[in-house]
Amino acid sequence: MADPKENVLMEKIVSLCKRRGFVFQSSEIYGGINGFWDYGPLGAELKRNVKELWWNTMTRMREDVAGLEATIIMSPKIWEASGHVATFSDPMIDCKTCKGRFRADQINDISCPQKPSKMVSECAGEKTAPRPFNLMLQTYVGPIQSEENIAYLRPETAQAIFAQFKNVLETSRQKVPFGIAQVGKAFRNEVTPRNFTFRSREFEQMELEFFIKPDEVVEAISGSVATPAAAGHPGEPQPNWGWQLWHQYWVEERVRFYEGIGLDRSTLGFHIQTPEELAHYARATTDILFKFPFSKVDEQGNVKGDELEGIAARSDFDLSQHERFSGKTMGIFDEELRTAWGKLPKEKQDDLWRRYYQARKNYLEKSGVKPEDAEKDATEDANGLAKGQYIPHVIEPSAGVDRLILALIANAFTEVTDTDDKGKSETRVVMKFHPRVAPVKAGVMPLLKNKPELVKKALAVRDLLRPWMNVYYDDAGSIGRRYARQDEAGTPYCVTVDFETLGEKPELLDTVTIRHRDDGKQERLAIGELRDWLLARGR
RNA sequence: GCGGGUGUAGCUCAAUGGUAGAGCGCUAGUCUUCCAAACUAGUUACGAGGGUUCGAUUCCCUUCACCCGCUCCA
């Protein structure tokens, strides 16, 4: 159970978010709508910075990732192939006596929580009729609201990447291993939206699908598959990496990303999914957690955290599903594999063939393909190896933007109590955002408002910086008040134009005061160096 | 979906079956040479709907939203 003190902290955060314009309740003037939140002026800047950093880190700064921006509404067949239509719409039965909720098709198999000796279907509790439970938001494409026009708002962005896999491969001049990145909105009719923006019905994801060679193909080309040597970052990608090393690599890459925007390892948690938790097609999933104020505390007082991102090794399940449902091949041709295969000794070929065949057969049988068809298809797939053909496997780092924003806000939130000369103490909030994500990079202000020369110079400094970063000009009230205002917005630096800037001391002509948010320290910097100084810290 | 709590100004909180108040913030002005200074003026609220009542922000019902616990979470 969360500590009551920490719920107070969460309330303070929510209240600050509204007061300063980070997050508002959606449709607030009409009483709000459950599970939907808006970003105000500061929140919008913060979110934009985070998405841009992710995009730059994951695509522009890498040779091996290409971007995609797909639609939110897609062919409903996508969601049949992905499994969402089936798993998202189980009819559910509620028991009015024990308050339990059960899948209608399982009431004969689940024991009653109150009378474990009986199955749910046999217990005396009064139950509702089965009700459809669909977690996908649904709409109609076209003006006619008929069954055949039903479409869904995507519950995840990933499926579009799989559906467009071949197009991206052909147009991006990439070769496996490579990834496709996408940032965008997704929608889920959550049963219980909770914890401020943490679980919302409309939210944004940053997803990478990183396609790799199946281990059998790596082995055919490189002779063997490298085994993970130690925990931590495995270094630059190598041709002999199988799914395990690629998975470890992406977990560590993602942790580096979080560290780079101010969430150090001590604020994060990790959850390695157990075999029982894993989806049947997944090989491994590591969740990166953040210790939120509302995160549960266990008996030992440890906080595990709540999920920011999951990094899943998903085998070739997704592409295989789309291959089966669309009838279009999702396999790729790899010249290197074909060449290498021809040089392998017969027993090696047979060994790899058998393993690939087995994996394909398992998948097909679990997907409900008739055994004789599964054997035939798996044979065909394994025969493809010799021709340089295979279906890529995938490592999926999938992050929630809004959850990360909330983590950054919670992490930045700091209360500072100052006592003035009269002994009056006052608590104020300092949002200690990393400069890279801070909504405003610099506050620009004249020391005094009633001196036109100071104002004019300060406005010139603002205009100098404005094309390069988000800056905020403020000349209202005392300088201390303006600093405090910027502290609450999380602005890392304030630039103050004073009389020395104007040449009161000739050696300080055209220099300004830089005031640091976190310790209040000041230093002097020439206006000519200002832009590069700020840019070096803010990106 | 169930149970409990909450809903008054931008924020924090008060009072009241009979015209709703404070602090902070915000805006304008005077002043101000570095950390929410002072003064003046201004600004804004009873979540929504219905009922009881001469009269409801206050009592009752419904609804919406938020928080906590349970449930759910591909």
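Letters A, B, ... mirror the listed sequences (proteins, then strands); counts begin at 1.
Nearest to the side chain of A:Val191, among B:rU71, B:rC68, B:rA65, sits B:rU71. Each of B:rC73, B:rA36, B:rC34 was ranked by its minimum atom distance to the side chain of A:Ala484; first place goes to B:rA36. Of the candidate nucleotides B:rU32, B:rA36, B:rC72, B:rA36 has the atom nearest to the side chain of A:Arg481. Among the nucleotides B:rC72, B:rC68, B:rC70, the one closest to any side-chain atom of A:Lys296 is B:rC70. Of the candidate nucleotides B:rA36, B:rC34, B:rU33, B:rA36 has the atom lying nearest to any side-chain atom of A:Ser478.
Between the side chain of A:Thr513 and the base of B:rC34 there is at least one donor-acceptor pair of N/O atoms closer than 3.5 Å. Side-chain atoms of A:Gln522 and base atoms of B:rC34 include a donor and an acceptor less than 3.5 Å apart. Taking only distance into account, the side chain of A:Arg194 meets the base of B:rG69 through a donor-acceptor pair shorter than 3.5 Å. The base of B:rC35 is paired with the side chain of A:Arg515 by a donor and an acceptor separated by under 3.5 Å. Below the 3.5 angstrom threshold, one finds a donor paired with an acceptor across the side chain of A:Asp498 and the base of B:rC34. Judged by distance alone, with hydrogens and angles left aside, A:Tyr483 brings a side-chain donor or acceptor within reach of the base of B:rC34, the pair sitting under 3.5 Å. A donor and an acceptor atom never sit less than 3.5 Å apart when one is taken from the side chain of A:Arg482 and the other from the base of B:rC35.
Atom C1' of nucleotide B:rU12 and atom CD of A:Glu415 are separated by 13 Å, given to the nearest angstrom. For A:Arg199 and B:rC70, the CZ to P distance is 13 Å, given to the nearest whole Å. Going from atom CG of A:Asp475 over to atom P of B:rC26 covers 13 Å, rounded to whole Å. Separating the CZ atom of A:Arg20 from the P atom of B:rG25 is a distance of 12 Å, rounded to the nearest angstrom. Between the CD atom of A:Gln25 and the C1' atom of B:rG7 there is a distance of 11 Å, given to the nearest Å. With rounding to whole Å, A:Asp38 atom CG is found 13 Å from B:rC66 atom P. Rounded to whole Å, the distance from CZ on A:Phe22 to C1' on B:rC11 is 15 Å. One interatomic measurement links the two molecules: NZ of A:Lys451 to C1' of B:rC34, which rounds to 15 Å at whole-angstrom precision.
Atom name P, nucleotides B:rC13 and B:rU71: the rounded distance is 30 Å, in whole Å. For the C1' atoms, the distance from B:rG47 to B:rG10 is 16 Å, rounded to whole Å. Comparing B:rA37 with B:rG55, their C1' atoms sit 47 Å apart, to the nearest whole Å. Atom name P, nucleotides B:rU57 and B:rC46: the rounded distance is 10 Å, in whole Å. Between the P atoms of B:rA14 and B:rG42, the separation comes to 27 Å (whole Å). When the P atom is used for both B:rG17 and B:rA56, the distance is 14 Å, rounded to whole Å. When the C1' atom is compared between B:rA15 and B:rG23, the two are found 15 Å apart, to the nearest whole Å. Taking atom P in both B:rC24 and B:rC54, one finds a spacing of 43 Å when rounded to whole Å.
Residue A:Asn34 has a polar side-chain atom (N or O) positioned under 4.0 Å from OP1 or OP2 of B:rC66. Side-chain N/O atoms of A:Lys18 include none lying less than 4.0 angstrom from OP1 or OP2 on B:rG10. Applying the 4.0 Å criterion to OP1 and OP2 of B:rC24, one finds that A:Arg428 has every side-chain N and O outside that range. Considering only side-chain N and O atoms, A:Arg19 lies nowhere under 4.0 angstrom from the phosphate OP1 or OP2 of B:rG25. The phosphate of B:rC68 (OP1 or OP2) has a side-chain N or O of A:Asn195 nearer than 4.0 angstrom. Look at A:Lys449 and you won't find any side-chain N or O under 4.0 angstrom from OP1 or OP2 of B:rC31.
When each of A:Glu488 and A:Glu190 is assigned the nucleotide of RNA chain B bearing its nearest heavy atom, the one mapping closer to the 5' terminus is A:Glu488. Summary of the strand contacts: A:Ile33 and A:Tyr281 both lie near RNA chain B, and taking for each the nucleotide with the nearest heavy atom, the more 5' one is attributed to A:Ile33.
The residue A:Tyr30 sits apart from the nucleic acid: no heavy atom pair falls under 4.0 Å. Within 4.0 Å (heavy atoms only), A:Glu504 reaches at least one base atom of the nucleic acid. Across all strands shown, A:Thr192 has heavy atoms under 4.0 Å from base atoms, whether or not it also approaches the sugar-phosphate. At a threshold of 4.0 angstrom between heavy atoms, the contacts of A:Gly35 are confined to the sugar-phosphate backbone, with no base atom among them. Contact annotation for A:Asn450: base contact, defined as any heavy-atom pair under 4.0 Å involving a base atom. No contact: A:Glu28 has no heavy atom under 4.0 Å from any strand.
Ring geometry, A:Phe292 versus A:Phe294: the interplanar angle falls under 30°, so the pair is classed parallel (tilted spans 30 to 60°).
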Exercise for the section: Determine which bases of RNA chain B form Watson-Crick or G-U wobble pairs with both distances under 3.5 Å, and write the result as a 5' to 3' dot-bracket string with | for other-strand partners. Expected result: (((((((..((((....[..))))((((((.......))))))...(((((..]....))))))))))))....
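A cation-pi arrangement, defined by a distance under 6.0 Å to the six-membered ring centre and an angle within 45 degrees of its axis, is present between A:Arg537 and A:Trp533.
Aromatic pair A:Tyr39/A:Phe22: ring centres not closer than 6.0 Å. Here A:Tyr363 and A:Tyr281 keep their ring centres 6.0 angstrom or further from each other. Ring centers of A:His516 and A:Tyr493: under 6.0 Å apart, within the cut-off.
Under the side-chain contact (heavy atoms from CB on, under 4.5 Å) criterion, A:Glu156 pairs with A:Trp79, A:His84, A:Ala158, A:Gln159, A:Arg188, A:Gln205, A:Glu207, sequence neighbours left out.
Here the CG-CZ distance, from A:Asp402 to A:Phe198, works out to 11.0 Å after rounding to the nearest 0.5 Å. Atom CZ of A:Phe162 sits about 6.0 Å away from atom CG of A:Leu319, to the nearest 0.5 Å. Atom CZ of A:Phe36 is separated from atom CG of A:Asn34 by 8.5 Å, given to the nearest 0.5 angstrom. Taking CG from A:Leu308 and NZ from A:Lys291, the interatomic distance works out to 12.0 Å, rounded to the nearest 0.5 Å.
Remark: of the listed residues A:Glu523, A:Glu500, A:Gln522, A:Arg524, A:Arg524 is the sole one forming a side-chain hydrogen bond (donor to acceptor under 3.5 Å, both in side chains) with A:Thr513.
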